[in-house]
Amino acid sequence: MSDLKVDGITAATANTAVTIKGLGTGKVVLGDGNLVFPDADGSTGQYIKTDGSANLAFATLPAVGAWILIQSQVASSSASLTFTSNINSTYSTYALVLSNILPATDAVDAMIRVSTNTGSSYASSGYLSFIDKSNSSAASSDGDNGVTSGLGIAADIDNGAFGGLTSVIYISNPSSGVAYTYLASSGSIFQSAGTHVAAADGHAVWKTVTAVDAFQLILSSGAIASGRATLYGISHT
């Protein structure tokens with residue numbers, strides 16, 4: 001292979017494009033990052049994206065409001081479930097879907113903690129949470145302001161045969177760096193006595209103006225015995 005070292009390339013004929021091609025299976029590679037360009041054109045309206053390893057390809061923008069799967073984790077006596085990838089300015093809102101999260105310890109709270117160093121550590125203070133609980137069998141309700149070490153999702157989750165938490169959690173502004181990180185959740189708790197408690201209207205905020213780049217699902221005590229947590233980015237483009 002030989003190198004052509006020049007300060008500029010100009011077409012020899014007026015109104016003529018400059019063409020650069022690889023030979024055979026060879027690719028066109030440009031720039032200090034050795035960006036590898038695709039061989040063929042994409043479809044109308046597509047854009048060029050990178051895989052983070054210098055390979056460029058055509059892709060279709062997701063529909064506005066589309067949920068883009070980022071990661072799904074299954075708990076098995078897990079101290080926590082963490083999400084450290086693709087939490088950046090691509091999405092202004094994330095949705096974390098919890099399915100049958102069963103605690104190993106009875107009557108615990110569930111919360112989200114945030115990280116500003118890609119999960120090397122998670123903040124355990126600076127949160128303000130309010131969880132509104134309504135007991136469907138007794139037709140009563142109460143508020144729980146006790147979750148202060150994380151973004152509160154649900155309180156007093158039972159670990160019995162009918163226990164567990166199922167919830168959808170929306171997290172806004174995590175990567176802005178100019179606004180607080182907000183959480184709103186809606187979910188259900190089933191307790192061993194057969195009581196159904198709706199953990200709806202959960203609201204929380206991390207009162208720090210710093211960009212967040214990782215999430216941690218954790219309980220106030222004990223491990224997450226079982227269940228699934230799936231993180232989505234919600235497209236607004």
Side-chain angles (χ1 to χ4, degrees), residues 49 59-76 78 80-103 108-116 118-119 122-123 126-134 144 147 149-155 157 164-190 197-220 224 226-237:
K49 70 172 185 177
T60 301
L61 283 170
V64 174
W67 286 30
I68 311 302
L69 175 64
I70 294 177
Q71 187 180 3
S72 185
Q73 295 193 46
V74 177
S76 178
S78 306
S80 65
L81 297 178
T82 58
F83 299 88
T84 60
S85 300
N86 296 318
I87 300 172
N88 49 48
S89 58
T90 301
Y91 307 105
S92 59
T93 304
Y94 290 81
L96 182 62
V97 179
L98 306 182
S99 301
N100 300 317
I101 296 294
L102 185 67
V108 297
D109 301 335
M111 68 194 80
I112 301 293
R113 286 179 175 169
V114 299
S115 172
T116 61
T118 324
Y122 290 88
Y127 303 95
L128 178 63
S129 301
F130 180 84
I131 302 169
D132 184 23
K133 301 179 295 178
S134 58
D144 189 328
V147 182
S149 57
L151 297 166
I153 302 167
I157 308 170
L165 167 68
T166 294
S167 183
V168 179
I169 300 128
Y170 296 97
I171 306 172
S172 298
N173 303 323
S175 301
S176 72
V178 295
Y180 293 161
T181 297
Y182 289 90
L183 174 150
S185 65
S186 178
S188 296
I189 304 170
F190 288 89
V197 178
D201 299 324
H203 305 282
V205 59
W206 187 51
K207 301 186 295 180
T208 304
V209 183
T210 305
V212 168
D213 55 17
F215 303 134
Q216 177 191 57
L217 171 65
I218 193 169
L219 303 178
S220 58
I224 305 171
S226 59
R228 178 183 293 272
T230 305
L231 183 65
Y232 297 88
I234 301 179
S235 172
H236 294 293
T237 57

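Positions are given from 1, in the same order as the sequence printed here. Keep in mind that what you see is a predicted model, and the values were worked out from it rather than measured.
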- Query: Do you know which two heavy atoms are closest between Gln216 and Ser80, and how far apart they sit?
  - Reply: NE2-OG, 3.5 Å
- Message: Using modelled atom types and a 3.5 Å cut-off, is there a donor and acceptor pairing between side-chain atoms of Thr166 and backbone atoms of Asn100?
- Response: yes
Only pairs under 3.5 Å count here: list side-chain donor-acceptor contacts from residues 68-76, not counting sequence neighbours, and write none if there are none.
from: Ser72; atom 1: OG; to: Arg228; atom 2: NH1; distance (Å): 2.9
from: Ser72; atom 1: OG; to: Thr230; atom 2: OG1; distance (Å): 2.9
from: Gln73; atom 1: NE2; to: Thr82; atom 2: O; distance (Å): 2.2

- Note on the structure: Nearest heavy-atom contact between Gly164 and Leu102 is N-CD1, 3.8 Å
- For Thr116 and Ala211, which heavy atoms make the closest approach, and how far apart are they? CG2-O, 3.4 Å
- Task: Using modelled atom types only, decide if a donor and an acceptor are shared between the side chain of Ser220 and the backbone of Asp109 within a distance under 3.5 Å.
- Result: yes
- Please lay out, stage by stage, how Tyr94 and Phe215 fare under the test ring pair (Phe, Tyr, Trp, His ring centres under 6.0 Å). CA-CA 10 Å; Tyr94 290 81; Phe215 303 134; 5.7 Å; yes
- Report yes if the side chains of Ser149 and Met111 come closer than 4.5 Å at any heavy-atom pair, otherwise no. yes
- List in chain and number order the residues that pass ring-ring contact (aromatic ring centres under 6.0 Å, His included) with Tyr122, two or more places apart in sequence or in another chain; answer none if no residue qualifies. none
- Considering all heavy atoms of both residues, which atom of Gly152 and which atom of Ser185 are nearest to each other, and what is their separation? O-OG, 4.4 Å
- CD1 on Ile234 to OG on Ser172, rounded to 0.5 Å: 8.0 Å
Which pairs of donor and acceptor atoms, one on a side chain in residues 176-184, lie under 3.5 Å apart (sequence neighbours left out)?
from: Ser176; atom 1: OG; to: Asn173; atom 2: O; distance (Å): 3.4
from: Ser176; atom 1: OG; to: Val178; atom 2: N; distance (Å): 3.3
from: Ser176; atom 1: OG; to: Ala179; atom 2: N; distance (Å): 3.2

- Of the non-hydrogen atoms in Leu165 and Ala154, which two are nearest, and what is the gap between them? CD1-CB, 3.9 Å
- Item | Side-chain heavy-atom pair Ile153, Leu217 within 4.5 angstrom cut-off | yes
- Message: If I take atom CG from residue Leu96 and atom CG from residue Leu151, how far apart are they, to the nearest 0.5 angstrom?
- Response: 11.0 Å
- Report the relative orientation of the aromatic rings in Trp206 and Tyr127; use parallel for angles under 30°, tilted for 30 to 60°, perpendicular for over 60°. tilted
- Any Asp213 side-chain heavy atom under 4.5 Å of Ser175 side chain: no
- Note on the structure: Residues Ser167 and Ser186: closest non-hydrogen pair is OG-O, 3.2 Å
- Message: As an exercise, state the distance from CG of Leu231 to CD1 of Ile87, rounded to the nearest 0.5 Å.
- Response: 5.5 Å
